[in-house]
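Right, one structure below, let's go through it.
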Amino acid sequence: MTQLAERYGDRVFNHAALTEDERLSALAQELDPASFRRLGSLPLESGWRCLELGAGTGTVARWLADRCPDGRVTATDLDLQLVQSRHEERANLSWLHHDLTRDDFPPASFDLIHARYLFCHLPSREYDLERVVSWLAPGGWLILEEPALFPIESAPDRAYRETGMGVFTALAASIGTDCRWPRGLHDHLKRTGLGEVDMDIAHSVVGADRPMSRFWRLTLDQLAPALCAIDGITLAMLDETDAKLRDPGFRELGMATIAAWGQKTPA
Ligand SMILES: C[S@@+](CC[C@H](N)C(=O)[O-])C[C@H]1O[C@@H](n2cnc3c(N)ncnc32)[C@H](O)[C@@H]1O
C-alpha cells in the first residue's frame, strides 16, 4: 500500500474546521431519508445491539437508538466533538472514540453494523471490511452506504466536472480516498461470505443550494489550496462552480450513493 502522509481528519476535513459541522450536517440532511428507509426495511428488533461506524454528526446513531429502545447503540468516530456539541443523549446510546483501522471489537458483538461515506476514505478498506464482518453476531446485518463519483465524471458542465474530479484526486493523494471502489460494493460484500446480499442506489441533484450543493460547495472550499495545485484547475473555476452550486437555475448530478447490505449466516 502507498505510504500516505496523513489520515482523515489530520488536516483534511478536521472536525474543528469552521465549516465542518455545516458540511456534515448538509450531507446528513441529503442522505438520512434514504438511509432511514433502507435501515427500516431490515428486520430491526427493539433489543438489537447496533454499531454505527464513523458517526459524523450522529443522526443515524440517534435514529437507531430510537428504533432499538431495548438494545444498545455504540457510535464511533475518530473525533466526537460534533456529536458532543449536540447534547442530545439517550440512555441506550454511547459514543466511542475509535479508529476503525486500528481498534477492534470482540467477535460476534453486534446484530447490526452501519457505516456511511466512511469506507471510501479508508486506505485499508478491504482488510477493515473483513474485520467489521467478524464483529457481526450470527444472523446479524451489515449495511454500507458509499459515494460513487461517476455522475460527476460524466457531468457536461466543465468547471463543475473538473473541480469535482479534482476533489477525488486530491483526497486520493492525501488520505487514500477511493470513490471508484463503491461501484463494486455488492461484490465486495459478497466476497466477505455474507448472505442475502443486495444493493440499492440513490442519485442526488445539485444546484439551488440544496443540501448536496451545500455539502459540495463546502468540500470544494475546504480543499481549495489542494485543488488549485492540480494542473488545469484554477481559482476562477472554483469560483464559477461555487456560484453555479448556489444558482437556482443550475442543475447537475451530484455524487451517487451506492448501498449494499448482507447477513451473517444465522446460528
Ligand atoms: C464523510 S463523514 C460521514 C459522517 C456520517 N457517517 C454521515 O454519513 O453523516 C466520515 C466520518 O468518518 C469518520 N472517520 C474517518 N476515518 C475514520 C476511522 N478510521 N475510524 C472511525 N471514524 C472515521 C470521520 O471523522 C467522519 O466523521
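Just so you know, residue 1 is the first one in the sequence shown, and it goes up from there. Indexing begins at 1, ligand by ligand and atom by atom, following the structure's order.
Taking the six-membered ring where the residue is Trp, F215 and Y117 present perpendicular rings, their angle passing 60° and hence far from 30°. Aromatic ring pairs are classed by plane angle as parallel below 30°, tilted from 30° to 60° and perpendicular above 60°; the pair F119 and W181 is parallel. The aromatic rings of F36 and W63 lie parallel to each other, their planes meeting at an angle below 30°, with 60° marking the opposite boundary.
Aromatic pair F105/W135: centroids less than 6.0 angstrom apart.
A side-chain donor from one of R116 and S35 sits under 3.5 Å from a side-chain acceptor of the other. No side-chain donor from either of S204 and E30 sits under 3.5 Å from a side-chain acceptor of the other. Inspection of the D209 and S213 side chains reveals no N or O donor paired with an N or O acceptor under 3.5 Å. Side chains of W261 and E145: no donor on one and acceptor on the other come within 3.5 Å.
For the pairing with T219, the side chain to side chain contact (heavy atoms under 4.5 Å, CB included) check across V12, T163, V167, L171 returns one residue only, V167.
Ligand 1 places these atoms under 4.0 Å from at least one heavy atom of Y8: 1 (C), 2 (S), 10 (C), 15 (C), 16 (N), 24 (C), 25 (O), 26 (C). Near L118, meaning under 4.0 Å from one of its heavy atoms, ligand 1 places the atoms 12 (O), 14 (N), 15 (C), 16 (N), 17 (C), 23 (C). Shown in contact with L100 at under 4.0 Å from a heavy atom are these atoms of ligand 1, numbered in order with element: 18 (C), 19 (N), 20 (N), 21 (C). Atom numbering of ligand 1 starts at 1 in the shown order; those under 4.0 Å from a heavy atom of H98 are 20 (N), 21 (C). Annotation for ligand 1: atoms under 4.0 Å from non-hydrogen atoms of L24 are 2 (S). Atoms of ligand 1 lying under 4.0 Å from at least one heavy atom of A55, given by number and element, are 5 (C).
Considering backbone and side-chain N/O atoms, G54 comes within less than 3.5 Å of an N/O atom of ligand 1. Residue H15 has at least one N or O atom closer than 3.5 Å to an N or O atom of ligand 1. Polar contact check, H121 against ligand 1: no nitrogen or oxygen pair lies under 3.5 Å apart. Residue-to-ligand polar distances keep D79 apart from ligand 1: every N/O pair is separated by 3.5 Å or more.
Residue contacts with ligand 1, taken as heavy atom pairs separated by less than 4.0 Å, involve D99 via backbone and side-chain atoms alike. Counting heavy atoms under 4.0 Å from ligand 1, residue A115 does not touch it at all. Contacts with ligand 1 closer than 4.0 Å are made by side-chain heavy atoms of L122 only, the backbone lying farther away. Heavy atoms of L82 found under 4.0 angstrom from ligand 1: none, in either backbone or side chain.
Closest protein heavy atom to atom 16 (N) of ligand 1: L78 CD1, 3.5 Å. Distance from atom 27 (O) of ligand 1 to its nearest protein heavy atom, with residue and atom name: D77 OD2, 2.6 Å. Atom 3 (C) of ligand 1 has as its closest protein heavy atom R116 O, 3.7 Å.
Looking only at distances, no side-chain donor or acceptor of D111 sits under 3.5 Å from a matching main-chain atom of G140.
L253 and I152 make their closest contact through O-CG1, 4.1 Å (heavy atoms, listed as atom of the first residue, atom of the second, distance).
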